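As the structure lists them, so they are numbered: ligands from 1, and atoms in each ligand from 1. The structure presented is a predicted model; accordingly, all values stated were derived computationally and were not measured.
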Amino acid sequence: MTEQKLQELLQDMTLEEKVNQMLQVAGGFFTGDMVAMGPMAEKGFTEDNVSKAGSVLGALGAGKLKKIQREFMEKHPHKIPLLFMLDVINGLKTVFPIPLGQGATFEPELSERCAQVAAKEAAVSGLHVTFSPMVDLVRDARWGRVMESTGEDPYMNCLFSEAMVKGYQGEDLREPYRVAACVKHFAGYGAPTAGRDYNTVELSRHTLKEFYLPSYKAGIDAGAAMVMTSFNTIDGVPATGNRWLMRDILRDEMGFDGVLISDWAAIEEIIYHGYCADRKEAAVRAVNAGVDIDMMTGIYSEHLCNLVRDGKVPEELVDEAVYRILALKNKLGLFENPYKDADEEKEKEVILCKEHRELAREAARKSFVLLKNEEVLPLKKGEKVAYIGPYVDNRNMMGSWSIVGDAKDVTTLKEAVLEREEGKTAMFGAGCALLGGEVKLEGFMESVEEEPSAEECAAMMEEAVKLAGEADTVVLALGEHRLQSGEATSNATIQIPKIQMELFRRVCEVNEKVAVVLFSGRPLDIREISRKAKAVLEVWMPGTEGARAIVDVLSGDYNPSGKLPMSFPYCVGQVPVHYNEYSTGRPHVEGKDKDRFRSKYLDIPNEPLYPFGYGLSYTRFAVSPAEIDKERMSGGEKLHVSVNVKNVGDVAGTETLQLYIHDIAASVVRPVKELKGFRKVTLEPGQEERVSFEIDGSMLRFLTENDRWESEPGEFEAFVGTDSSTVNCVKFWLD
Ligand code: BGC
């Protein structure tokens with residue numbers, strides 16, 4: 001449809017019809033699971049709203065969605081198709097590692113491919129929009145949603161944000177198998193105070209703009225069709241009613257002209273924040289801020305028409321929002337083909353096909369981070385291995401946002417071991433329950449698996465300890481329950497359940513060679529595990545093919561290459577902890593531990609247990625001192641920092657060289673290090689390669705005292721190493 005036709009359509013719509021476009025309702029209204037009566041009527045929905053609504057969330061399936069669309073359009077006065085949306089986060093039915101795991105690959109192109117596959121499975125199932133990527137910067141592992149982010153680094157998050165948007169959307173949303181991406185949650189949702197979900201966010205405008213906003217901007221620049229508001233306040237004003245944030249920053253500064261959707265019921269929540277007295281005022285605030293779609297409240301439908309009629313809201317604001325919604329439908333080609341790619345035959349052919357599963361296995365393997373290894377891994381041919389722990393025979397490793405992923409499509413670790421010849425001699429035991437009654441997972445929509453009783457657990461543990469005693473090596477598969485990380489799952493202790501720690505201790509008493517395979521949605525406090533186990537492999541929530549990928553790595557068929565996208569704190573008292581912190585007036589200096597008046601703890605180190613960018617391999621790499629080709633550059637020039645990297649171990653492997661820059665003195669203090677580039681190199685034993693990073697003026701820019709992105713003359717340090725703690729450094733001057 002041409003722009004002119006879209007405008008004509010808009011002009012022809014009644015005010016009620018337009019306001020209904022701004023309403024998003026749950027699929028249950030159309031499938032008969034919900035009616036616009038009872039509690040839903042209290043939320044402000046009427047049958048008329050529902051029959052003319054603009055979009056639907058939470059319904060899935062080609063057949064079902066085609067039927068809903070057909071019946072809906074028959075009744076709709078202007079035959080405007082519905083938009084179908086869902087959270088497709090790390091895959092639809094073929095589930096990839098959680099986004100934090102994807103961050104550990106240091107391979108945004110891989111996430112682009114995963115997003116493309118997710119889009120294909122979603123599109124054939126009838127969906128038009130996914131509420132992904134979540135690009136919130138995260139620094140606090142207590143916040144359960146760190147699992148949905150790609151980590152603590154702004155530069156890396158920008159690359160992943162861009163890659164995922166491209167993967168979902170491609171060049172043109174009308175292309176087959178593409179869905180619109182929704183960058184979320186605008187803005188700063190990843191910084192809730194004390195790591196408690198939905199809590200207040202306290203960020204200076206400088207920190208918000210310089211470190212938190214760029215990843216949203218990267219997604220917008222990549223063409224994201226939609227942005228979602230966040231639940232939190234910014235400067236004391238809820239984001240969903242925040243005119244400055246949504247109009248001045250998102251629309252004017254960032255140039256976003258797509259659809260802005262509220263998060264779930266977020267327009268209503270600005271009342272509970274204490275920002276609006278009632279629903280009418282909330283409608284005014286949100287529409288003034290430029291929120292186009294009201295997700296799952298009836299506030300717009302209840303009040304906007306009267307507000308326009310009473311002259312409290314200009315009709316142009318409604319027109320502006322509705323035009324954007326219609327334009328998105330048009331970009332997806334829905335006016336010509338309201339079913340887009342929905343196709344029952346294709347669903348059967350495409351979903352969980354071999355190619356998709358292979359990509360899931362590749363992504364999982366690359367996401368694993370080897371945190372420690374004292375010659376235990378890879379497992380030796382012929383040795384007797386006991387696989388113990390609640391994750392040995394467990395299919396639930398897709399992460400809490402895999403709302404459509406089906407555990408029956410997942411292979412367990414035990415099955416994956418038994419698929420291999422050498423696995424035939426392996427021994428298996430659960431050893432204990434996952435949660436052991438200590439953590440109560442209540443109020444979740446999905447039911448939580450029943451756990452064995454205390455007596456059964458005791459027997460399981462004895463059996464497992466016996467197996468551990470008989471084995472040459474123990475692979476101990478431990479970790480968080482998949483529902484312990486995700487939305488509304490803040491944790492104050494970030495440790496694995498006590499019962500699993502008891503199993504760990506018992507097993508370590510009878511066998512010295514323990515390799516822990518750690519499942520988690522977030523960095524955990526693993527001091528004791530890291531001290532006692534001989535090897536630790538972090539596998540996050542690895543998805544549908546996670547178990548096969550784990551066996552690939554344990555067996556040595558694949559040499560681990562993942563790097564931490566988020567620091568593993570020494571303990572929870574350190575969080576928020578991130579490598580790119582500022583120096584202080586009294587920095588902690590190595591060797592000066594006895595200086596009293598330094599910025600440090602008395603009882604723990606300043607450094608995290610494992611820093612950002614860290615991860616081992618089955619081989620070792622030697623990195624030469626960094627060299628620089630010239631010591632001065634002007635703004636328009638470039639210089640190069642280079643190292644030689646050599647595989648000095650016995651097997652081929654991949655190392656990720658990381659370039660960090662530090663601006664020594666500036667008008668606004670600079671982080672001690674900032675990632676500005678990285679390169680993955682794969683080397684055979686004995687092979688050496690020169691790796692050069694080009695540094696240009698744009699990489700030295702930051703948000704200066706003028707509130708502009710500029711570079712300032714002066715001295716800089718450039719570090720090249722294999723993690724963020726590197727001291728391999730050269731200096732240069734920007735004139
Ligand atoms: C979450 C969003 C999600 C939405 C719809 C909200 O609770 O914060 O990330 O997209 O629900 O499912």
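Side-chain polar atoms of Ser520 and Glu480 form no donor-acceptor pair below 3.5 angstrom. Between Thr240 and Glu269, the side chains place no donor N or O within less than 3.5 Å of an acceptor N or O (distance only, hydrogens not considered).
For atom 9 (O) of ligand 1, the closest non-hydrogen atom on the protein side is His185 NE2, 2.7 Å. Scanning the protein heavy atoms around atom 11 (O) of ligand 1, the nearest turns out to be Asp263 OD1, 3.6 Å. Nearest protein neighbour of atom 12 (O) of ligand 1, counting heavy atoms only, is Asp87 OD1, 2.4 Å.
For Arg145, the closest heavy-atom approach to ligand 1 falls below 4.0 Å. Using a 4.0 Å heavy-atom cutoff, Glu148 is absent from the residues neighbouring ligand 1.
Looking at ligand 1, you won't find any N or O of Trp264 less than 3.5 Å from one of its N or O atoms.
Classification of the Trp540-Phe568 ring pair by plane angle, with boundaries at 30° and 60°, yields perpendicular. A tilted orientation is assigned to the rings of Phe84 and His128, their planes being inclined by 30° to 60°. The aromatic rings of His185 and Tyr189 sit perpendicular, their planes meeting at an angle over 60°, well past the 30° parallel limit.
Remark: ligand 1 atoms within the under-4.0 Å shell around heavy atoms of Lys184 are 2 (C), 3 (C), 9 (O), 10 (O). Heavy-atom proximity to Phe131, at under 4.0 Å, picks out these atoms of ligand 1: 10 (O). Under a 4.0 Å criterion applied to the non-hydrogen atoms of Met228, ligand 1 contributes the atoms 2 (C), 10 (O). Of all atoms in ligand 1, numbered sequentially from 1 with element shown, those under 4.0 Å from a heavy atom of Phe231 are 7 (O), 8 (O).
Cation-pi geometry between Arg285 and Tyr275 is met: under 6.0 angstrom from the ring centre, within 45 degrees of the axis. Annotation: cation-pi pair Arg205/Trp244 present, NZ/CZ under 6.0 Å from the ring centroid and within 45° of its normal.
By the criterion of a heavy-atom distance under 4.0 Å, neither the backbone nor the side chain of Met134 is placed next to ligand 1. Of all the heavy atoms of Gln24, none lies under 4.0 Å from any atom of ligand 1, so neither backbone nor side chain is involved.
One finds no salt bridge joining Arg113 and Glu109 here, because no Lys/Arg side-chain nitrogen approaches an Asp/Glu carboxylate oxygen to under 4.0 Å.
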